[in-house]
**Student:** 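Attaching a single structure in structure tokens format; questions to follow.
First listed ligand is number 1; within each ligand, the first listed atom is number 1. Computed from a predicted structure; not experimentally measured. We use all heavy atoms of the structure for the numbers below, so side chains are in, but hydrogens, waters and symmetry mates are not. When a residue number appears, it is its place in the shown sequence, counting from 1.
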Amino acid sequence: MNLLDGKLVSAKIKEDIKVETAAFIAASGRKPHLVAILVGNDGGSETYVASKMRNCDLVGFESTNIRYDVDITQEQLIAKIKEINADPNIDGLIVQLPLPKHIDPEEITEAIDHRKDVDGFHPINLGRMQRNLPCFIPATPYGIMLMLAHYGIETAGKKAVVVGRSNIVGSPMSILLARNSNPGNCTVTLTHSRTQNLKQEVLEADIIVAAIGRKNFVTADMVKPGAVVIDVGINREVSSKTKSGYRLYGDVDFDAVSQKTSWITPVPGGVGLMTIVGLLKNTLEAAKGTIYMK
Ligand code: GUN
């Protein structure tokens, strides 16, 4: 078993981003600026947004976290998004998901100017990604592709099975792995809650991407010897043994599955850290105007 080490790879890429950011600041006289909107008090979302802001500071970006109570209306939120869309000093905008039930995430996603949509969730970015055109790629799948590229994992012609069809990870991941690019050129199966014989599907995979949000869902009996396993799960459980009061579990039963794999990501220390890198890279591109002209 070899470890796909998110800590190591993310640190290395963040160093490159830092250098590029310094050059951008020297040339333009301003910092790339990311705004994150957080609605309510979801513990996981608070942690993730805090980490995104911290990493922005680390690479030299400006970052702003706008917080709203859980009862903000959709109209109020959209009004703020429009204000940010029009602000030339802001390069990237993310609205942390999930949102409260009375707010339609589709309406929010489409309200964000696609040129500032550094989450890559807007239909224009998704459509352009599917067509292999320059666009913002959703941060988690982007981070996974960077990880596969860093380790030179052979993907062309391989059978990839993605478990989970979310808009944030599973669906875009299936598109990226199938694209005519490197990494890419996989034969992809996108599995979900209605898939029949899920175990058999996963057993045939050379590359498994587990993004279902269930602790230890992928067990050793579902994994072909030599498979590459990417664990996107960040299942939080209360723990008295950690400083934060929580412990993270992946979607993969790491101890047993890692005995069979060629490569595997740990949780924590794997995909989560790469997600941040994907977001930082998108924000820098947004500031530079290399994907969409400013
Ligand atoms: N919730 C879980 N992952 C993400 C993400 O990548 N972006 C946003 N905006 N919300 C999320």
**Student:** Does the N or O separation between Ile94 and ligand 1 drop below 3.5 Å for any pair?
**Tutor:** no
**Student:** Taking the side chain from Asp119 and the backbone from Gln96, do they hold a donor-acceptor pair closer than 3.5 Å?
**Tutor:** no
**Student:** Are more than 12 heavy atoms from other residues, nucleotides or ligands located less than 6.0 Å from atom CZ of Arg214?
**Tutor:** no
**Student:** Please work out whether any backbone atom (N, CA, C, O) or any side-chain heavy atom from C-beta onward of Tyr48 is under 4.0 Å from ligand 1, and answer side chain, backbone, both or neither.
**Tutor:** neither
**Student:** Would Asn125 and Tyr292 count as having a side-chain donor-acceptor pair, cut-off 3.5 Å?
**Tutor:** yes
**Student:** Is it the side chain, the backbone, both or neither of Asp119 that has a heavy atom closer than 4.0 Å to ligand 1?
**Tutor:** side chain
**Student:** Would you say Thr140 touches ligand 1, if touching means a heavy atom closer than 4.0 Å?
**Tutor:** no
**Student:** Does an N or O anywhere in Ile168 fall below 3.5 Å from an N or O of ligand 1?
**Tutor:** no
**Student:** Less than 4.0 Å between a side-chain N and a carboxylate O, is that true for Glu83 and Lys80?
**Tutor:** yes
**Student:** Residue-level breakdown please: for Thr275 versus ligand 1, do any non-hydrogen atoms fall below 4.0 Å on the side chain, on the backbone, on both, or on neither?
**Tutor:** neither
**Student:** Under 4.0 Å from a heavy atom of Lys52: give me the atoms of ligand 1 that qualify, with their elements.
**Tutor:** 5 (C), 7 (N)
**Student:** Using modelled atom types only, decide if a donor and an acceptor are shared between the side chain of Asn2 and the backbone of Trp263 within a distance under 3.5 Å.
**Tutor:** no
